[in-house]
**Student:** 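Before I ask anything, here is the structure I am working with.
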Amino acid sequence: MPRLAVLFDLDGTLVVFPEPWIREARREFIDWLRSEFSRDLEWWDGIDELSIPQIIELVAGGDAERYRLLRGVVERIYSKKELDAAEHAAPRSSVPDLLEELRRRGVSMAVTTNNSRPAAHLSLKRAGIDGYFSCVVSRSDVDRMKPDPEMLVKASYALGAPLSMAIHVGDSPVDILAARSVGMMAVSLTGGVSSREKLLAHRPHLLIDSPIELLSLFP
């Protein structure tokens, strides 16, 4: 019998950090891009509205070698900052209660995150919620990060859940885009990296203000 499954984003969705490390890492990567590709001014229009994976795709322009170069730079910039932040990860309010109730109801759960594998596992452990998830799919495990749906497909397969019976919960437009691209229900959580208006502009199937509100889908 097909199983219900919930796939969770990590940062801003399940866990929070005391320091805004994501903004610092993003700024460092953008500064590097400006120093390396300053002549390609057409790339900069609207770049502030794009996620790092979307920027990588835009700048790579289909060039596999350039894509690998950009991914390598992201790894160099982000990996240490992610691990440092992960040491101080805490569960977002109501997340432990939500996860406990979903487990009680027999819902399979996984994490799909654009963070690295070491940082993802450390964040979950420090937040005390690592025992709830059957699998964690990180950027270390895929060729393409969200908004590409590769990690969502991998997680659903690992849980034995059809894509149509899985729900993805995240706090950014890339989570919505990834879920919608494979026909998965996209639930957006406010209070994370993106504003309510920005989330609504990408048409999530459901918008919630607190993680515990997800239980409304499991009567």
Side-chain angles (χ1 to χ4, degrees), residues 5-15 21-22 25-26 28-30 32-33 36-37 40 43 46-47 49-83 85-86 108-124 130 133-186 188 192-194 202:
V6 178
L7 315 182
F8 289 96
D9 178 52
L10 183 59
D11 292 10
T13 301
L14 291 173
V15 302
W21 73 270
I22 294 179
R26 179 187 175 90
E28 186 174 340
F29 180 62
I30 296 298
W32 179 87
L33 282 178
E36 294 295 320
F37 301 103
D40 301 293
W43 289 340
I47 201 169
E49 298 299 315
L50 300 177
S51 67
I52 292 299
Q54 289 171 317
I55 293 172
I56 291 174
E57 294 284 357
L58 175 66
V59 177
D63 185 316
E65 184 175 347
R66 180 176 286 185
Y67 182 89
R68 286 192 293 272
L69 167 66
L70 295 169
R71 276 288 297 265
V73 173
V74 166
E75 289 295 331
R76 175 176 60 79
I77 293 173
Y78 274 69
S79 293
K80 184 179 186 306
K81 287 181 169 61
E82 285 173 342
L83 282 171
S108 298
M109 292 176 279
V111 172
T112 59
T113 175
N114 281 345
N115 284 6
S116 67
R117 186 187 305 118
H121 284 284
L122 181 58
S123 292
L124 292 169
D130 52 316
F133 305 101
S134 299
C135 74
V136 176
V137 183
S138 70
R139 73 164 181 267
S140 308
D141 307 306
V142 295
D143 294 324
R144 291 287 191 272
M145 296 182 284
K146 291 183 286 187
D148 189 280
E150 182 183 356
M151 62 177 64
L152 277 65
V153 173
K154 280 195 169 187
S156 296
Y157 180 81
L159 295 180
L163 295 174
S164 61
M165 295 190 68
I167 298 167
H168 189 273
V169 185
D171 66 321
S172 75
V174 299
D175 297 309
I176 301 169
L177 292 169
R180 276 191 165 278
S181 68
V182 289
M184 187 179 293
M185 185 176 185
S188 285
V193 69
S194 299
H202 286 79

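Below, each value reflects all heavy atoms present in this structure, side chains not excepted, and no hydrogens, waters or symmetry copies.
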**Student:** Could you tell me which non-hydrogen atom of A158 sits nearest to which non-hydrogen atom of C135, and how far apart they are?
**Tutor:** CB-SG, 3.8 Å
**Student:** With heavy-atom distances below 4.5 Å as the criterion, would you say the side chains of S188 and I176 are in contact?
**Tutor:** yes
**Student:** Does the side chain of S194 come within less than 4.5 Å of S172's, by heavy atoms?
**Tutor:**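 Yes; the side chains approach each other to less than 4.5 Å.
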**Student:** Measuring only between side-chain heavy atoms, which start at C-beta, is N114 closer than 4.5 Å to M151?
**Tutor:** yes
**Student:** Are side-chain heavy atoms of S156 and M184 found at a separation under 4.5 Å?
**Tutor:** yes
**Student:** How close do L177 and P147 get, heavy atom to heavy atom, and via which atoms?
**Tutor:**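 Closest heavy-atom pair between L177 and P147: CB-CB, 3.8 Å.
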**Student:** When you measure from the side chain of E150 to the backbone of D143, do you find a donor-acceptor pair of N or O atoms at a distance under 3.5 Å?
**Tutor:**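 Indeed, once roles are kept as given, a pair shorter than 3.5 Å links the two residues.
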**Student:** Checking Y157 against V137 for the side-chain contact (heavy atoms from CB on, under 4.5 Å) test, could you report, in this order, the C-alpha distance in whole Å, the side-chain angles of both residues, the deciding distance, and whether it holds?
**Tutor:** CA-CA 11 Å; Y157 180 81; V137 183; over 6 Å; no
**Student:** Using every non-hydrogen atom in the two residues, find where S123 and L10 come nearest and quote the distance to one decimal.
**Tutor:** CB-CD2, 4.1 Å
**Student:** So which atom in A119 and which in A86 form the shortest heavy-atom distance, rounded to 0.1 Å?
**Tutor:**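 The answer is O-CB, 3.6 Å.
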**Student:** When L7 is tested against each of V111, L159, V169 for side chain to side chain contact (heavy atoms under 4.5 Å, CB included), which residue passes?
**Tutor:** L159
**Student:** Not counting sequence neighbours, which residues clear side-chain contact (heavy atoms from CB on, under 4.5 Å) with S79? List them please.
**Tutor:** E75, R139
**Student:** Taking it one step at a time, do D171 and D9 satisfy side-chain contact (heavy atoms from CB on, under 4.5 Å)?
**Tutor:** CA-CA 7 Å; D171 66 321; D9 178 52; 2.9 Å; yes
**Student:** Could you check if a side-chain atom of R71 sits within less than 4.5 angstrom of a side-chain atom of R76, using non-hydrogen atoms only?
**Tutor:** no
**Student:** Out of curiosity, L70 CG to L33 CG, how far, rounded to the nearest 0.5 Å?
**Tutor:**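 Rounded to the nearest 0.5 Å, the CG-CG separation comes to 6.5 Å.
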**Student:** When you look at F133 and L14, which way does the side-chain contact (heavy atoms from CB on, under 4.5 Å) test go after all the steps?
**Tutor:** CA-CA 12 Å; F133 305 101; L14 291 173; 3.6 Å; yes
**Student:** Answer yes or no: is there an ion pair linking D141 with K154, defined by an N-O contact shorter than 4.0 Å?
**Tutor:** no
**Student:** Strictly distance-based, threshold 3.5 Å: is any side-chain N or O of E28 a donor or acceptor partner for the main-chain N or O of I77?
**Tutor:** no
**Student:** Which heavy atom in A155 sits nearest to a heavy atom in T112, and how many Å separate them?
**Tutor:** CB-CG2, 3.7 Å
**Student:** Got a sec, which residues hit side-chain contact (heavy atoms from CB on, under 4.5 Å) with V74, two or more places apart in sequence or on another chain?
**Tutor:**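 V74: side-chain contact (heavy atoms from CB on, under 4.5 Å) contacts with F29, I52, I56, Y78.
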**Student:** I'd like to know if the side chain of K146 and the backbone of P53 have a donor-acceptor N/O pair within less than 3.5 Å.
**Tutor:**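 Looks like no, no N/O pair under 3.5 Å.
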**Student:** Quick one: does V142's side chain get under 4.5 Å of R144's, heavy atoms only?
**Tutor:** no
**Student:** CG of L163 to CE of M185: how many Å apart, nearest 0.5 Å?
**Tutor:** 15.0 Å
**Student:** To the nearest 0.5 Å, what is the distance between CG on D175 and OG1 on T13?
**Tutor:**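 So the CG of D175 and the OG1 of T13 are separated by 6.0 Å.
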**Student:** With a 4.5 Å cut-off on side-chain heavy atoms, are Q54 and E57 touching?
**Tutor:**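 E57 vs Q54: side chains apart.
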**Student:** I'd like to check N115 versus S138 (side-chain heavy atoms, cut-off strictly below 4.5 Å). Are they in contact?
**Tutor:**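 Result no, sub-4.5 Å side-chain heavy-atom pair not found.
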